[in-house]
Amino acid sequence: MIDGNGADGVSGGRLKAADNPVLQNIWDIVAMIPHGRVSTYGNVARAAGLARGARQAGYALRMTPPGMKLPWHRVLGAGGRIVFPMSSPQHREQARRLRAEGVAVKGGRVDSSAIVDLDEL
DNA sequence: TGTATGACCCTGA
DNA sequence: CTCAGGGCCATAC
């Protein structure tokens, strides 16, 4: 395995997002967020190894293929606020899901008590 | 190889 | 509290 090409499972050159270890790592972090709790992009990114890769966390979630069960709605922006615009369907979707889990959403923001620290996981 | 983009974050006015 | 600007890091073209 000196050439790098034809490494574990990945052969053919370009690395697909679904096979990207970084995204997989982020997905794993998001997937381990407990029910009824929420986290932030920066927090998740840091847990994935990216100290300032909050955007990458969002990128990973955006790259999430349909069919994958991932609690993306438990990931919020800094301060526990939803990053989506108020009039956006995604905002409503996320807020709806959070409320379904017992998380209070007010003005596009959730109670800071609902935010869980990565240290607790 | 370099430029452009983004489900972000922080600081200042 | 709201608005604007700059910074950071990885992916896409």
ask   = What integer distance in Å separates Gln90(A):CD from dG6(B):C1'?
value = 14 Å
query = Within a strict 4.5 Å, meaning less than it, do heavy atoms of the Thr64(A) and Leu61(A) side chains meet?
reply = yes
key: Distance, rounded to the nearest Å, where Ile26(A) contributes CD1 and dG6(B) contributes P   = 18 Å
Atom-to-atom span, CZ of Arg81(A) to C1' of dC1(C) - whole angstrom = 13 Å
ask   = What distance do Ile82(A) atom CD1 and Arg92(A) atom CZ have between them, rounded to the nearest 0.5 Å?
value = 12.0 Å
ask   = Within this structure, what is the OH-to-C1' distance between Tyr41(A) and dC10(B), rounded to whole angstrom?
value = 17 Å
key: Side chain to side chain, Val105(A) and Gln94(A), heavy atoms closer than 4.5 Å   = no
inquiry  = Expressed as a whole number of angstroms, how long is the span from Ile115(A):CD1 to dC9(B):P?
reply    = 10 Å
query = Along nucleotides 4-10 of chain C, 5' to 3', which nucleotides get a B, which get an S, and which get a -, given that the test is a protein heavy-atom distance under 4.0 Å?
reply = ---BBBS
inquiry  = The test is side chain to side chain contact (heavy atoms under 4.5 Å, CB included); show your working for Ile115(A) and Leu76(A) and say whether it passes.
reply    = CA-CA 9 Å; Ile115(A) 305 177; Leu76(A) 305 171; 5.7 Å; no
ask   = Are any of the side-chain heavy atoms of His35(A) and Arg74(A) separated by less than 4.5 Å?
value = yes
task = Give the rounded distance in Å between these two atoms: CZ of Arg109(A) and C1' of dC1(C).
result = 10 Å
Atom-pair distance (CE on Met86(A); C1' on dA7(B)), nearest Å = 17 Å
ask   = What's the spacing between Gln90(A) CD and His73(A) NE2 if we round to 0.5 Å?
value = 13.0 Å
key: Euclidean distance, atom CZ of residue Arg97(A) to atom P of dA7(B) [Å, nearest integer]   = 18 Å
